[in-house]
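See below for the structure under consideration.
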Amino acid sequence: MPDHVRTADGRRLRVEVAGDPQGRPVFLLHGMPGSRVGPRPRSMFLYQRGARLISYDRPGYGGSDRRPGRRVADVVQDVAVVADSLELERFAVAGRSGGAPHALACAALLPDRVTRAAALVGLAPQDAQGLDWFEGMAPSNVTEFRTAVADPERFAAGIIPRSARIRDNPARLLEELRDDLTADDRLIVSDNTVRSMLMRNYREALRTSPHGWIDDALAITGPWGFDPSSIRVPVLLWHGAQDVFSPASHSAWLADRIPRATAVLETGAAHFAALRALPEVLNWLLAD
């Protein structure tokens, strides 16, 4: 397996595959900012479950070329290219945080290829009717997302120097978030193994440019390019009730509209608890 593939428009996508080479395929779509080397279950777990975990850098992150103006729905073309390069006809998809809307896009727009999809600590569309999109969200996130919607150029101007600082010292991102972390989240990110994976993830995400982060935020707060209510494959929506980065009300809104959705709300959990939940989510994805 080469470490990258080319899209029809000539862009490079950096890819990484872990676990059982003959196992059942699952795409893991990373968070924001994030990369293909983000947190994942140990290789032994993947082998024991017969799972082949496929990750790639979304455009503008790590080793993948930027795609300016991309929408959430545009992820399906890249996932299809990677799947074709691996000769995969059918596969499951999971997305965490900023990757969750992209996993839902795959479920909606690749119904003949996606077996099951999971969205962990994700967001609903910014124009979701009946949802107060910012309610329960940390003030720092509210400010960033409001700026992305109202003034994309100012948003980008703020992310560029911030991403440079985080690239030089990835621990800065967790330090910036610390005041909004629950005691449970602080415990999770203080684990040496998890922290090492997060540091590697953030550094790789921003290694070549800040544009993956910028384009992700603009895509998530803009029109997604699909309707979640059109999803017909089974979907698992996992959320921590204490999450202030992606409030649990977003998953509740999606659960009310996706016909075959199963919603899991973990009472004492918050945002980073999704890392702890991932092994059981993979079990669910592979159950079909």
Side-chain angles (χ1 to χ4, degrees), residues 19 23-31 38-41 45-46 48-55 72-73 75-76 79 90-125 128-131 133 135-136 184-185 188 220 224 226-288:
R24 288 168 292 172
V26 179
F27 275 81
L28 179 59
L29 307 183
H30 62 72
R40 69 188 66 178
F45 173 89
L46 297 173
Q48 289 173 344
R49 296 302 189 277
R52 186 184 190 188
L53 200 65
I54 304 149
S55 302
V72 171
V75 70
V76 301
V79 167
R90 303 268 283 164
F91 46 84
V93 182
R96 183 179 67 83
S97 191
H102 296 85
L104 295 178
C106 293
L109 302 175
L110 294 173
D112 296 330
R113 303 189 72 172
V114 172
T115 56
R116 288 185 167 197
L120 293 80
V121 294
L123 291 162
Q129 291 189 355
L131 175 68
W133 206 80
E135 184 179 6
D184 187 55
D185 265 357
I188 291 168
I220 288 170
W224 282 9
F226 71 98
D227 182 351
S229 67
S230 70
I231 298 173
R232 293 296 179 266
V233 305
V235 171
L236 178 65
L237 299 166
W238 188 97
H239 226 111
Q242 307 303 316
D243 194 339
V244 297
F245 301 108
S246 307
S249 56
H250 288 241
S251 276
W253 186 92
L254 289 164
D256 286 342
R257 287 156 180 81
I258 299 174
R260 302 178 67 186
T262 299
V264 175
L265 182 66
E266 190 167 324
T267 306
H271 197 72
F272 285 92
L275 304 179
R276 186 173 58 207
L278 189 54
E280 284 304 312
V281 170
L282 281 173
N283 285 337
W284 181 86
L285 289 167
L286 296 170
D288 185 357

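Just so you know, these numbers use all the heavy atoms, side chains as well, and skip hydrogens, waters and symmetry mates.
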Just grab all the side chain to side chain donor-acceptor pair (under 3.5 Å) pairs involving residues 109-120, residues at least two apart or on different chains.
-> Asp84-Arg113
Pairs where residues 248-257 contributes a residue and the test side chain to side chain donor-acceptor pair (under 3.5 Å) is met, not counting sequence neighbours = His239-Ser251
Using atom types as modelled and distance alone, determine if a side-chain donor or acceptor of Arg260 lies under 3.5 Å from a backbone N or O of Arg232.
-> yes
Just by modelled atom types, is the Leu104 backbone N or O under 3.5 Å from a matching donor or acceptor in the Trp224 side chain?
-> no
Evaluate the criterion side-chain contact (heavy atoms from CB on, under 4.5 Å) for residue pair Leu53 and Arg40; output intermediate values, then yes/no.
-> CA-CA 9 Å; Leu53 200 65; Arg40 69 188 66 178; 3.9 Å; yes
All side-chain contact (heavy atoms from CB on, under 4.5 Å) counterparts of [X], not counting sequence neighbours:
| X | value |
| --- | --- |
| Asn283 | Phe45, Arg49, Glu280 |
| Leu109 | Ala73, Val76, Phe226 |
| Ala118 | Ala94, Leu120, Leu236, Val281, Leu285 |

Test Val26 against Leu282 for side-chain contact (heavy atoms from CB on, under 4.5 Å), laying out the working first.
-> CA-CA 8 Å; Val26 179; Leu282 281 173; 3.8 Å; yes
The salt bridge (Lys or Arg N to Asp or Glu O under 4.0 Å) partners of Arg276 (sequence neighbours excluded) come to Asp184, Glu266
So ring-ring contact (aromatic ring centres under 6.0 Å, His included) across residues 263-288, not counting sequence neighbours, yields Phe245-His271
Do you know which two heavy atoms are closest between [X] and [Y], and how far apart they sit?
| X | Y | result |
| --- | --- | --- |
| Ala248 | Leu265 | CB-CD1, 3.7 Å |
| Ala273 | Ile188 | CA-CD1, 3.5 Å |
| Pro228 | Ile258 | O-CG1, 3.5 Å |
| Pro101 | Val72 | O-CG1, 3.5 Å |
| Cys106 | Val93 | CB-CG2, 4.1 Å |
| Ala270 | Val121 | O-CG1, 4.1 Å |

Check step by step if side-chain contact (heavy atoms from CB on, under 4.5 Å) holds for Leu110 and Phe91.
-> CA-CA 10 Å; Leu110 294 173; Phe91 46 84; 4.3 Å; yes
[atom1]-[atom2] distance between [X] and [Y], expressed to the nearest 0.5 angstrom:
| X | Y | atom1 | atom2 | result |
| --- | --- | --- | --- | --- |
| Leu28 | Ile54 | CG | CD1 | 10.0 Å |
| Leu46 | Arg52 | CG | CZ | 12.5 Å |
| Ser55 | Phe27 | OG | CZ | 9.0 Å |

Taking side chain to side chain donor-acceptor pair (under 3.5 Å) as the test, write out the residues that go with Ser229, two or more places apart.
-> Asp227
His102: side chain to side chain donor-acceptor pair (under 3.5 Å) partners, not counting sequence neighbours | none
Taking C-beta and beyond as the side chain, do Ile220 and Leu123 meet within less than 4.5 Å on heavy atoms?
-> yes
side-chain contact (heavy atoms from CB on, under 4.5 Å) between Leu275 and Arg96: does it pass, once the steps are laid out?
-> CA-CA 8 Å; Leu275 304 179; Arg96 183 179 67 83; 3.3 Å; yes
